[in-house]
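Report on the following structure.
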Amino acid sequence: MAAPEAWRARSCWFCEVAAATTMEATSREAAPAKSSASGPNAPPALFELCGRAVSAHMGVLESGVWALPGPILQSILPLLNIYYLERIEETALKKGLSTQAIWRRLWDELMKTRPSSLESVTCWRAKFMEAFFSHVLRGTIDVSSDRRLCDQRFSPLLHSSRHVRQLTICNMLQGATELVAEPNRRVLETLASSLHTLKFRHLLFSDVAAQQSLRQLLHQLIHHGAVSQVSLYSWPVPESALFILILTMSAGFWQPGPGGPPCRLCGEASRGRAPSRDEGSLLLGSRRPRRDAAERCAAALMASRRKSEAKQMPRAAPATRVTRRSTQESLTAGGTDLKRELHPPATSHEAPGTKRPPSALAATSSASSSTSSYKRAPASSAPQPKPLKRFKRAAGKKGARTRQGPGAESEDLYDFVFIVAGEKEDGEEMEIGEVACGALDGSDPSCLGLPALEASQRFRSISTLELFTVPLSTEAALTLCHLLSSWVSLESLTLSYNGLGSNIFRLLDSLRALSGQAGCRLRALHLSDLFSPLPILELTRAIVRALPLLRVLSIRVDHPSQRDNPGVPGNAGPPSLIIGDEEIPENCLEQLEMGFPRGAQPAPLLCSVLKASGSLQQLSLDSATFASPQDFGLVLQTLKEYNLALKRLSFHDMNLADCQSEVLFLLQNLTLQEITFSFCRLFEKRPAQFLPEMVAAMKGNSTLKGLRLPGNRLGNAGLLALADVFSEDSSSSLCQLDISSNCIKPDGLLEFAKRLERWGRGAFGHLRLFQNWLDQDAVTAREAIRRLRATCHVVSDSWDSSQAFADYVSTM
C-alpha cells in the first residue's frame with residue numbers, strides 16, 4: 001500500500017502547487033479561462049495551464065517535479081523549456097519515459113530543416129542541442145523569441161556545449177573570437193572534452209585578430225582537447241597564412257601569436273618540470289619572432305622561379321634589374337628604411353641550437369667576405385629578408401590598405417624577391433637562389449620556417465585530416481608534405497580535388513618518409529583530383545610501395561594532363577624510386593577503390609597491384625576501360641588466383657557488353673559474397689541467350705549474398721528471368737538484390753512478386769527499386785510492393801519516369 005499512497009501524495013502535492021502558482025496567472029487570464037471552461041476540453045486546458053505555471057517556476061520546484069509519478073511527468077515534459085527538458089532526461093528514462101518525440105518536434109518547429117535521408121538520427125536531443133549551439137554562436141537564432149529557448153538561469157552556449165561533437169567554422173571565422181573570450185571560458189573547457197570533429201567551410205580572408213583567436217581556439221581544442229578530425233571544405237582561394245596555421249596546429253605545433261596571451265594550460269602542464277633544450281624555441285617560440293612558414297616557402301619559390309627564368313631568358317635580365325631598382329626606389333621614396341627592415345639586429349634571429357643547412361652557411365660566409373661589417377659579426381647575425389607584405393597586416397593604422405586577390409599576392413611575392421635582390425650582389429644572390437631551390441626539393445625542410453620535427457616535442461595532434469576542394473599552392477603543398485613526413489599519429493588522410501599537379505611527387509616522398517617512422521598509424525588514404533602527372537595505375541603502384549601498411553586506398557583521377565609533365569622546366573621531377581617496373585612488395589591493403597579517366601588502361605599494371613595485395617577484401621573499379629575483353633579476363637583471373645580473401649567486387653560505368661563470358665566467370669566464383677555491376681550495359685547484346693546463362697550461374701552459387709544491377713536496362717523480361725534464381729531447385733542464398741534504374745514497369749514487378757509467392761521462398765532480405773517506371777500504374781505498383789513486402793524489405797521511391805524516354809526507346 002506504500003506505493004499507491006506515495007503516488008496519491010505526489011498527485012495532491014502537484015495539484016496544490018499548481019493551484020498556488022497559477023493564482024496570479026489565472027487572474028490575468030480570467031477571460032480566456034472562462035471561455036475555455038465552457039468548452040468540452042476544459043480539464044486539459046486547466047491541466048496545461050497548471051503545467052505551464054510549474055514549468056515557469058522550475059527553479060524552485062525542480063526537485064519536486066523530478067519525483068512526480070510517470071503519468072503526470074509525461075504530461076509536463078512537453079511544457080518544459082529545453083534546459084529543464086535536457087536536465088530531466090535521466091530521471092525520465094528511469095521512469096520509462098522517452099523525450100525523443102519532444103526533441104524531434106522541437107527540431108521541426110525551431111530549426112525548420114529536414115535531416116538528410118542518408119542520416120540516421122539516434123538521439124534527437126544531442127542533434128538539437130548541437131545545432132542550437134551553432135546557431136547561438138553565429139547569432140542566427142534569437143533565444144528571446146521563444147519561451148522554450150529563453151531562461152535567465154541558464155547560458156545557452158554553456159548548457160548545450162557538452163552535446164557538441166562536431167563544430168563548423170565558416171566564412172570570416174565567425175565564433176572563434178567569442179569562444180576564446182573570458183566570459184566563455186567554461187564553454188571552451190567543455191568543448192575541449194566533448195568536441196571530436198572540427199570543420200571549416202567556405203572560409204574567406206580574415207584579419208589578424210580573428211587568426212589570433214583561431215590560434216588560441218585550435219590550441220585548446222586540439223592540443224589540450226579531444227578533437228581528432230579536422231576537415232576543410234570549399235575554399236577556392238585559400239589564404240596561405242591561415243591555411244598553414246590550421247595545418248601546423250593540427251599537426252601538433254603551436255607558437256603563440258605576437259602579443260597573444262600565454263596559455264594557462266601549458267603553464268600548468270610545464271609546472272614542476274624542467275624544459276628540454278629545444279622546447280622553448282621550437283614549440284613555444286623563441287625570444288624573437290620567427291618568419292612565418294608561408295613567407296619562407298614563398299621566398300624559396302620565387303627565388304627558384306627567378307633562377308629558372310634567368311636560364312631561359314638571359315636577355316631579359318637588364319629589364320628585370322631595372323624593375324627591381326625602380327621598386328626599391330619607390331619604396332625608399334615612401335619613407336621606408338629598407339636596410340633597417342631587411343637587416344635587423346643580430347640578436348633577433350636564429351634561436352640557440354638551430355641548425356642551418358650547409359648551403360646556407362656557405363652563402364653566409366660568401367656574403368661576409370664581401371663586406372667588412374659582416375666579417376666582424378657573429379655567424380648568427382646573417383641578414384634575413386623582411387616578411388612578405390601580404391602577411392604584414394596594416395590593421396589599426398590609419399590609411400592602411402590591404403590588397404586582396406591572386407594578382408595582388410603575386411605582386412607582393414615579386415616585390416619581396418626584388419627588394420631582397422636589390423640589396424645584394426649578383427654572386428651572393430645566385431647562392432641564395434640555390435639554397436631556395438634546395439628547400440623546394442625537400443633537402444632541408446627547416447628553410448620553410450617550420451620547427452625541426454625530429455628534435456622538437458609535439459603537442460597532441462589529430463588523427464584524421466580531410467581537404468575537400470581546397471587548391472594547394474606550392475607553399476601550402478610544401479608545408480603539408482613537410483608535416484606529413486613525421487605525422488605519426490595521422491590515421492586517415494583525404495585529399496580531394498586540391499590541384500596537386502607535380503606536387504604529387506613531393507607528397508609521395510613525404511608518405512614514404514612517414515612510413516619509415518616508428519609508430520606510423522596511417523591506414524587510410526583517399527586521393528582524388530582532376531589531373532595527374534602520373535597515370536593512375538603508376539600512381540597507385542607508387543602509393544602502395546610508399547605505404548605498405550596501408551589498409552584502405554581510394555584514388556580517382558578524372559582527366560590525365562600533359563601540362564603537369566615533370567620534365568617541363570620549373571616543375572618538380574619525379575624523385576628516385578617513384579616510377580619503376582620492379583615488383584611491388586607484399587602489402588596489407590584490404591580495400592581498394594579506383595576511379596579511372598577515359599582511355600584504355602594497361603591490365604598488367606593493375607594485375608601487379610592485385611598480386612601484391614593478398615589481403616584484399618573489397619575492390620571497386622569505376623570507369624575502367626581495357627583494350628580488349630582478354631585484358632579484363634586477365635584481371636579477373638588474377639583476382640581468382642591471388643586475392644582469395646576478396647569478398648566484395650564492384651564495377652561502375654564500365655562497358656561489359658562484350659565481356660559476358662567474363663561476367664559468368666565472376667558469378668561462378670565461390671569466394672565472392674557481393675558483386676555490383678552498376679551501369680555496365682550487361683544486357684545490351686544477346687540478352688535472350690545471356691540471361692539464362694547468368695541465372696544458371698547464380699543458381700549454382702551458394703556463397704553470393706548480394707547482387708546489385710542498377711542501370712543495366714533489365715526491363716520486365718529480364719526481371720522475370722531473374723526471378724528463377726529464387727526457384728525451388730536453386731542453391732542460391734541471395735538475400736540482397738538491387739534492380740534500380742532498370743526500366744521496370746508495374747505489371748512486370750507484380751508478376752515477379754507472384755512468382756516469388758508461388759515458389760514459397762522465405763524472406764530474402766532487401767530489394768531496392770529506385771528510379772523505375774512504377775508511376776505509370778500506381779495501383780498495380782502498390783499491389784506489387786504489398787506482395788513483395790511479405791517476402792522481403794522493399795525500398796522504393798516516387799520517381800517521375802517522364803524524363804526517361806530515351807531509355808524507353810532503347811528497350812522497345
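Start at 1 with the first residue, then count along the sequence.
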Legend entry - More than 12 heavy atoms of other groups within 6.0 Å of Tyr642 OH: no

Legend entry - Pair Asp509 + Arg506: basic N to acidic O under 4.0 Å: no

Inset, instruction - Using modelled atom types only, decide if a donor and an acceptor are shared between the side chain of Ser515 and the backbone of Leu511 within a distance under 3.5 Å. - result: no

Inset, instruction - Please say which of Leu621, Thr540, Ile536, Asp631 ends up in a side chain to side chain contact (heavy atoms under 4.5 Å, CB included) with Leu606. - result: Leu621

Inset, instruction - Taking all heavy atoms of Ile246 and all of Leu218, pick out the closest pair and write down the distance. - result: CA-CD1, 4.1 Å

Inset, instruction - May I ask you to test the Leu537-Val609 pair for a side-chain heavy-atom distance under 4.5 Å? - result: no

Inset, instruction - Nearest 0.5 Å please: distance from the OG atom of Ser613 over to the CG atom of Leu619. - result: 9.0 Å

Legend entry - Distance-only donor-acceptor check, side chains Arg541 and Ser608, under 3.5 Å: yes

Inset, instruction - For the pair Thr494 and Leu465, evaluate side-chain contact (heavy atoms from CB on, under 4.5 Å) and give the outcome as yes or no after the intermediate values. - result: CA-CA 6 Å; Thr494 299; Leu465 177 64; over 6 Å; no

Inset, instruction - Mind checking the CG-CD1 spacing from Leu198 to Ile222? Nearest 0.5 Å is all I need. - result: 6.5 Å

Legend entry - Nearest heavy atoms of Ala603 and Phe626, plus distance in Å: CB-CD2, 4.2 Å

Legend entry - Side-chain donor/acceptor of Trp235 to backbone N/O of Leu203, under 3.5 Å: yes

Inset, instruction - Would you give the length of the straight line joining atom CG of Leu472 to atom CG of Asn498, rounded to the nearest 0.5 angstrom? - result: 4.5 Å

Inset, instruction - Step by step, work out the side chain to side chain donor-acceptor pair (under 3.5 Å) result for Ser461 and Ser489. - result: CA-CA 7 Å; Ser461 58; Ser489 66; 2.4 Å; yes

Legend entry - Pair Glu674-Arg708, salt bridge (charged side-chain N to carboxylate O under 4.0 Å, His left out): steps then yes or no: CA-CA 8 Å; Glu674 183 179 306; Arg708 290 177 168 83; 2.8 Å; yes

Inset, instruction - Inspect the surroundings of NZ in Lys647 and state if more than 12 heavy atoms from other residues, nucleotides or ligands are less than 6.0 Å away. - result: yes

Legend entry - Residues Gln637 and Glu641: side-chain donor-acceptor under 3.5 angstrom: yes

Inset, instruction - For Glu586, look at atom CD and say whether over 12 heavy atoms of other residues, nucleotides or ligands are found less than 6.0 Å away. - result: no

Inset, instruction - Could you tell me whether a side-chain N or O of Thr197 sits under 3.5 Å from a main-chain N or O of Gln229, the two making a donor and an acceptor? - result: no

Legend entry - Positive for side chain to side chain contact (heavy atoms under 4.5 Å, CB included) with Ser492, one of Arg551, His526, Glu466: His526

Inset, instruction - Supply the atom-to-atom distance Phe632 CZ to Gln601 CD, rounded to the nearest 0.5 angstrom. - result: 13.5 Å

Inset, instruction - Could you tell me whether the side chain of Asp558 and the main chain of Pro597 form a donor-acceptor pair under 3.5 Å? - result: no

Inset, instruction - Show the numbers, then the answer: is there a side-chain contact (heavy atoms from CB on, under 4.5 Å) between Leu173 and Leu242? - result: CA-CA 10 Å; Leu173 304 180; Leu242 179 58; 4.1 Å; yes

Legend entry - Expected output: side-chain Ser528 to main-chain Val557 donor-acceptor under 3.5 Å: no

Inset, instruction - Could you tell me the separation between the OG atom of Ser240 and the CD atom of Glu475, rounded to the nearest 0.5 Å? - result: 3.5 Å

Inset, instruction - Determine, for Glu491 against Arg523, whether the closest basic-nitrogen to carboxylate-oxygen distance falls under 4.0 angstrom. - result: no

Legend entry - Residues Thr469 and Ser234: side-chain donor-acceptor under 3.5 angstrom: no

Legend entry - Ser532 side chain to Leu534 backbone, donor-acceptor under 3.5 Å: yes

Inset, instruction - Look only at the side chain of Arg460 and the backbone of Val227, and say whether a donor-acceptor pair between them is shorter than 3.5 Å. - result: yes

Legend entry - Aromatic plane relationship, Phe459 with His219 - under 30° parallel, 30 to 60° tilted, over 60° perpendicular: perpendicular

Inset, instruction - Could you tell me the separation between the CG atom of Asn643 and the OG1 atom of Thr638, rounded to the nearest 0.5 Å? - result: 8.0 Å

Inset, instruction - Could you check if a side-chain atom of Ser678 sits within less than 4.5 angstrom of a side-chain atom of Asp653, using non-hydrogen atoms only? - result: no

Inset, instruction - Heavy atoms only: give me the nearest Ala210-Ser206 pair and the separation to one decimal. - result: CB-CB, 4.2 Å

Inset, instruction - Compare every heavy atom of Gln591 with every heavy atom of Leu616, then report the nearest pair and how far apart it is. - result: CD1-N, 3.9 Å

Inset, instruction - Kindly indicate, with the supporting measurements, whether the criterion side-chain contact (heavy atoms from CB on, under 4.5 Å) is fulfilled by Phe679 and Asn655. - result: CA-CA 8 Å; Phe679 296 89; Asn655 185 2; over 6 Å; no

Inset, instruction - Flag the pair Leu589 / Val552 as yes when at least one side-chain heavy-atom distance between them is below 4.5 Å, and no otherwise. - result: no

Inset, instruction - Can you spot which of Leu592, Leu527, Leu547, Asn587 makes a side chain to side chain contact (heavy atoms under 4.5 Å, CB included) with Leu553? - result: Leu592

Inset, instruction - State, yes or no, whether a side-chain contact exists between Val470 and Tyr497 at a heavy-atom distance under 4.5 Å. - result: no

